[in-house]
Amino acid sequence: MADRTTQGSILGGDGDGGVDGIRTFPFPIELSVGGVGMQVGAMGTGRTWHADAPLERVHRIDFHVVMLFDGGPVRHMIDFAEYEATAGDLVWIRPGQVHRFSPTSEYRGTVLAMQPGFLPRATVEATGLYRYDLPPLLRPSGAQWAGLQASLVQLQREYEDTSTLPLSLHTSVLRHSLTAFLLRLAHLAASSAEAGRRTESTFTLFRDAVEKGFATNHSVSAYADALGYSRRTLVRAVRAATGETPKGFIDKRVVLEAKRLLAHTDMPIGRVGAAVGFPDAANFSKFFHQHTDMTPAAFRTELL
């Protein structure tokens with residue numbers, strides 16, 4: 001299937017199930033050229049990660065994956081949010097994030113995987129490898145895409161060249177080449193986020209307020225009053241930034257948190273509801289079903 005071919009040619013291997021029933025895949029070091037802590041290559045046919053856990057099932061990875069797309073559209077779920085990428089886009093999935101490949105999308109392009117610890121701490125900090133606040137889907141400009149592509153081609157060339165240098169020097173060169181690519185990628189991610197902040201200041205304040213208060217506050221009017229905006233101003237800003245209403249945005253964040261708690265913990269469903277602002281379990285189940293067409297119990301069971 002299309003999703004099974006995405007990373008199979010360079011990313012295969014076993015994985016262990018976590019306590020919440022979602023399988024976690026470690027970095028397949030044994031499949032790397034020379035046993036180094038990274039892989040890069042074309043998305044193409046090959047093995048799945050594990051025969052018992054097809055990639056269209058929700059799973060985690062404990063390493064970085066960057067996919068640069070030559071075609072599309074491709075729909076990919078990351079932390080229970082759906083993203084649509086097309087040619088010229090890239091997706092950055094960080095360690096610990098839950099994701100799922102689309103069985104109906106054809107993944108074409110180049111995929112890079114990197115094991116945590118492969119790069120020194122200073123490089124990790126400079127490249128923002130663990131900036132989970134940044135969006136996973138990035139859309140570079142033509143010039144940015146060309147720079148990323150050129151850097152990635154050089155990295156792949158060095159990765160595949162195991163004959164001209166001893167392993168220790170080969171690994172050092174790979175780290176330098178990988179750093180060059182990641183610095184470009186980090187600049188793209190940070191500049192994209194900054195551009196969004198400049199053009200969506202009202203929405204950003206609302207988003208940040210929701211992030212802090214969604215577990216107890218689901219009222220659009222309360223957020224508008226706290227931020228000093230009229231309800232109409234808030235509606236316009238949120239619609240411009242997301243295409244949805246403030247209430248829809250709040251509800252989506254509540255549903256995401258509920259899904260995370262249902263997937264990542266063994267908390268009783270009533271406690272999950274209370275944690276996202278529904279002291280009454282029946283009201284929580286009704287709310288969850290309205291937004292997902294599933295009961296909380298059915299959602300949790302489907303992940304197992």
Side-chain angles (χ1 to χ4, degrees), residues 69 72-94 97-99 128 130-145 185-262 272-279 283-284 286-293:
F69 294 96
V74 171
R75 294 189 63 82
H76 197 91
M77 186 276 281
I78 304 171
D79 275 349
F80 304 109
E82 291 286 341
Y83 297 90
E84 184 171 285
T86 189
D89 293 342
L90 61 88
V91 167
W92 186 353
I93 306 167
R94 290 170 169 83
Q97 290 190 302
V98 171
H99 73 135
Y130 295 94
R131 288 284 306 277
Y132 288 90
D133 59 307
L134 298 177
L137 175 62
L138 298 171
R139 292 190 164 100
S141 67
Q144 290 170 325
W145 175 258
L185 182 60
H187 174 70
L188 169 63
S191 60
S192 297
E194 180 61 29
R197 284 192 289 269
R198 287 196 302 268
T199 59
E200 301 169 4
S201 58
T202 300
F203 165 71
T204 301
L205 291 172
F206 170 72
R207 182 192 63 196
D208 292 346
V210 171
E211 189 62 31
K212 293 177 182 177
F214 71 86
T216 57
N217 182 10
H218 302 167
S219 167
V220 175
S221 296
Y223 283 111
D225 291 343
L227 295 171
Y229 295 119
S230 70
R231 187 184 178 99
R232 181 176 296 179
T233 296
L234 198 57
V235 168
R236 283 199 302 264
V238 176
R239 252 190 218 289
T242 68
E244 58 191 3
T245 65
K247 180 58 175 170
F249 183 87
I250 295 167
D251 288 349
K252 182 181 290 186
R253 182 63 183 89
V254 172
V255 169
L256 172 60
E257 192 67 18
K259 285 181 175 180
R260 286 174 172 171
L261 292 173
L262 290 167
V272 171
V276 294
F278 290 89
N283 286 339
F284 169 62
K286 181 180 179 181
F287 169 85
F288 192 89
H289 188 272
Q290 285 175 341
H291 290 276
T292 66
D293 290 326

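Sequential numbering from 1 along the given sequence is applied to the chain's residues.
A distance-only check finds no donor-acceptor pair linking the side chain of Tyr132 to the backbone of Arg94 [under 3.5 Å]. Side chain of Asp251 to main chain of Gly248: no donor-acceptor pair is present (N/O by atom type, distance under 3.5 Å, no hydrogens or angles). Not a single donor-acceptor pair under 3.5 Å links the side chain of Thr242 to the backbone N or O of Arg239.
For Lys286, the NZ atom sits in a loose shell: 12 or fewer heavy atoms of surrounding residues, nucleotides or ligands are nearer than 6.0 Å. More than 12 heavy atoms of other shown residues, nucleotides or ligands fall within 6.0 angstrom of atom NE2 in His291.
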> When you look at Phe287 and Val254, which way does the side-chain contact (heavy atoms from CB on, under 4.5 Å) test go after all the steps?
Replying inline: CA-CA 10 Å; Phe287 169 85; Val254 172; 3.6 Å; yes

>> Applying salt bridge (charged side-chain N to carboxylate O under 4.0 Å, His left out) to Arg253 and Glu257, what does each step give before you reach the verdict?
In response: CA-CA 6 Å; Arg253 182 63 183 89; Glu257 192 67 18; 3.0 Å; yes

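Contact between Ala209 and Leu227 at its shortest, heavy atoms only, is CB-CD2, 4.4 Å. Here the closest heavy-atom approach between residue Val276 and residue His218 is recorded as O-NE2, 3.0 Å. The minimum heavy-atom distance linking Gly88 with Pro140 is given by the pair O-CD, 3.3 Å. Closest heavy-atom contact between Glu84 and Arg139: O-NH2, 2.9 Å. Closest approach of Ala190 to Leu134, counting heavy atoms only: N-CD1, 4.5 Å. Of all heavy-atom pairs between Trp92 and Gly128, the closest is CH2-O, 4.1 Å.
For the pair Phe288/Leu262, a side-chain contact is recorded, criterion being any heavy-atom separation below 4.5 Å from C-beta on. Considering only heavy atoms from C-beta on, Thr292 comes within 4.5 Å of Lys259 through its side chain. Using a 4.5 Å cut-off on side-chain heavy atoms (C-beta onward), Leu90 and Leu185 make contact.
Take Arg236 and apply the salt bridge (charged side-chain N to carboxylate O under 4.0 Å, His left out) test, not counting sequence neighbours, and it matches no residue.
Atom CE of Met77 is separated from atom NE2 of His99 by 8.5 Å, given to the nearest 0.5 angstrom. The structure places CD1 of Ile93 at 4.5 Å from CD1 of Ile78, a figure rounded to the nearest 0.5 Å. Atoms NZ and CG, on Lys247 and Leu234 in that order, are 13.0 Å from each other to the nearest 0.5 Å. The line from CG of Leu256 to CZ of Phe80 is 8.0 Å long, rounded to the nearest 0.5 Å. In this structure, Ile250 CD1 and Glu244 CD are separated by 10.0 Å, a value rounded to the nearest 0.5 Å.
Aromatic ring pairs are classed by plane angle as parallel below 30°, tilted from 30° to 60° and perpendicular above 60°; the pair Phe249 and Phe203 is perpendicular. Between Phe206 and Tyr223, the two ring planes are perpendicular [angle over 60°; tilted spans 30° to 60°].
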